[in-house]
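Worksheet: one structure, shown below.
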Amino acid sequence: MFLGTHMQRLDDKGRLILPARFREELAGGLVVTRGQEHCLTLFSAREFEAVHEKLRTAPMTSKDARDYLRVFLSGASAEQPDKQGRITIPQILRKYAGLERELAVIGLGNRVEIWDAHTWESYLNETEQGFADRTDEVIQGVF
């Protein structure tokens with residue numbers, strides 16, 4: 001399970017050192033793609049296969065489904081961490097997420113998000129109070 005916030009850096013070649021706690025789960029390969037709110041979403045290869053199976057059931061006649069699949073899958077990049085636990089983030093994805101040098105790598109259970117550190121701080125500042133003040137159920141049956 002991917003948990004926590006890890007402050008990382010991109011090197012000059014666009015490589016990210018994966019947090020040590022994430023490396024074992026990602027050693028067999030991973031897929032990084034566009035996420036929502038202009039972050040990147042990273043899945044283990046196994047989890048991405050499961051997500052892709054669900055995506056395959058989307059009706060081709062639905063414009064919303066086609067649009068989502070095009071954006072999500074056209075940016076997907078299969079990566080293999082090197083011996084130092086580094087992956088290269090393709091330029092197109094770095095541009096999409098506005099990644100500079102400082103990054104926030106956050107665990108979301110079955111996936112990871114990669115944010116520009118300043119963008120993450122702004123997002124968190126804007127949404128934290130709403131999280132604390134929540135009085136209705138956001139995820140049915142959980143909270």
Side-chain angles (χ1 to χ4, degrees), residues 1-131 134 136-143:
M1 186 181 308
F2 301 112
L3 301 172
T5 300
H6 308 269
M7 302 313 288
Q8 304 291 115
R9 286 189 161 173
L10 270 181
D11 70 13
D12 293 335
K13 296 180 181 179
R15 295 178 301 191
L16 162 69
I17 298 175
L18 296 168
R21 293 182 177 176
F22 295 175
R23 290 181 198 164
E24 184 177 337
E25 178 68 22
L26 300 172
L30 58 94
V31 175
V32 62
T33 190
R34 293 179 187 100
Q36 294 173 298
E37 289 84 37
H38 285 273
C39 69
L40 301 181
T41 303
L42 184 151
F43 300 89
S44 68
R46 183 173 22 110
E47 183 66 23
F48 188 80
E49 288 173 17
V51 168
H52 183 254
E53 280 304 310
K54 292 176 185 173
L55 293 174
R56 289 177 51 159
T57 65
M60 290 179 27
T61 55
S62 167
K63 181 164 178 5
D64 287 342
R66 290 191 312 271
D67 290 346
Y68 187 87
L69 288 170
R70 286 175 183 141
V71 172
F72 185 73
L73 294 175
S74 69
S77 178
E79 301 292 331
Q80 182 65 48
D82 67 13
K83 291 180 182 181
Q84 289 80 35
R86 296 177 302 194
I87 60 165
T88 299
I89 309 246
Q91 174 61 28
I92 193 169
L93 294 178
R94 292 194 313 262
K95 182 179 176 183
Y96 169 80
L99 301 183
E100 298 294 332
R101 193 135 179 86
E102 304 296 322
L103 306 179
V105 179
I106 63 171
L108 293 176
N110 67 335
R111 64 191 182 279
V112 174
E113 287 184 344
I114 302 168
W115 292 75
D116 173 76
H118 300 299
T119 304
W120 170 248
E121 287 176 30
S122 295
Y123 173 82
L124 195 56
N125 287 335
E126 291 172 13
T127 57
E128 253 180 335
Q129 193 58 49
F131 172 81
R134 200 78 174 162
D136 58 333
E137 190 174 52
V138 175
I139 302 170
Q140 190 174 3
V142 178
F143 291 110

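All values reported here derive from a predicted model rather than from experimental measurement. Numbers for residues simply follow the sequence, beginning at 1.
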message: What verdict does the side-chain contact (heavy atoms from CB on, under 4.5 Å) test give for Gln8 and Ile17, after you've listed the backbone C-alpha separation in whole Å, the side-chain angles of each residue and the deciding distance to 0.1 Å?
response: CA-CA 7 Å; Gln8 304 291 115; Ile17 298 175; 4.2 Å; yes

- request: Return yes when atom CZ of Arg86 has more than 12 non-hydrogen atoms of other residues, nucleotides or ligands closer than 6.0 Å, and no otherwise.
  value: yes

- request: Write down the atom of Gly35, the atom of Thr41, and the distance for their closest heavy-atom approach.
  value: CA-OG1, 3.3 Å

field: Geometric class of the Phe48/Phe72 ring pair [parallel <30°, tilted 30-60°, perpendicular >60°]
entry: parallel

message: Could you check whether atom CZ of Arg21 has more than 12 heavy atoms from other residues, nucleotides or ligands sitting under 6.0 Å from it?
response: no

message: Just checking Glu100: does its CD atom have more than 12 heavy atoms from other residues, nucleotides or ligands closer to it than 6.0 angstrom?
response: no

- prompt: Could you state the interatomic distance from CD1 (Ile114) to CD1 (Ile89), rounded to the nearest 0.5 Å?
  reply: 4.0 Å

- prompt: Are any non-hydrogen side-chain atoms of Leu99 and Leu16 less than 4.5 angstrom apart?
  reply: no

- request: Might you work through the side-chain contact (heavy atoms from CB on, under 4.5 Å) test for Leu26 and Ser44, ending with a clear yes or no?
  value: CA-CA 5 Å; Leu26 300 172; Ser44 68; 3.9 Å; yes

More than 12 heavy atoms from other groups under 6.0 Å of CD1 on Ile92: no

field: Polar side-chain atom of Arg66 near backbone of Met60 as donor-acceptor pair, under 3.5 Å
entry: yes

- prompt: Is any side-chain N of the basic residue among Arg46 and Glu49 closer than 4.0 Å to the acidic one's carboxylate O?
  reply: no

task: Taking all heavy atoms of Pro81 and all of Ile87, pick out the closest pair and write down the distance.
output: CA-CG2, 3.8 Å

Nearest atoms (heavy-atom pairs only) where Thr88 meets Lys13: CG2-O, 4.2 Å

message: Testing the basics here: between Glu79 and Pro90, what is the closest heavy-atom pair and its distance to 0.1 Å?
response: OE2-CG, 4.0 Å

message: For a side-chain contact (heavy atoms from CB on, under 4.5 Å) check, start with the C-alpha distance between Arg94 and Leu10, then their side-chain angles and the critical distance, and finish with the verdict.
response: CA-CA 10 Å; Arg94 292 194 313 262; Leu10 270 181; 3.7 Å; yes

message: Using 0.5 Å steps for rounding, measure from the CD1 atom of Ile106 to the CD atom of Glu113.
response: 4.5 Å

- request: State which residue, out of Asp116, Asp12, Asp11, fulfils the salt bridge (Lys or Arg N to Asp or Glu O under 4.0 Å) condition with Arg101.
  value: Asp12

- prompt: Ala58 and Ala65: which non-hydrogen atoms are nearest, and at how many Å?
  reply: CB-CB, 3.9 Å

task: Mind checking the CZ-CG spacing from Phe43 to Asn110? Nearest 0.5 Å is all I need.
output: 7.0 Å

query: Within a radius of less than 6.0 Å around CD of Glu53, do more than 12 heavy atoms belonging to other residues, nucleotides or ligands occur?
result: yes

message: Return the CD to CH2 distance between Glu37 and Trp120, rounded to the nearest 0.5 Å.
response: 10.0 Å

field: Separation between OG1 of Thr5 and CG of Leu103, rounded to the nearest 0.5 Å
entry: 12.5 Å

- request: Taking all non-hydrogen atoms of both residues into account, name the closest pair between Thr33 and Ala76 and its distance.
  value: OG1-N, 3.3 Å

- prompt: Which value, rounded to the nearest 0.5 Å, describes the distance between His52 atom NE2 and Thr57 atom OG1?
  reply: 10.5 Å

message: With heavy-atom distances below 4.5 Å as the criterion, would you say the side chains of Leu42 and Phe22 are in contact?
response: no

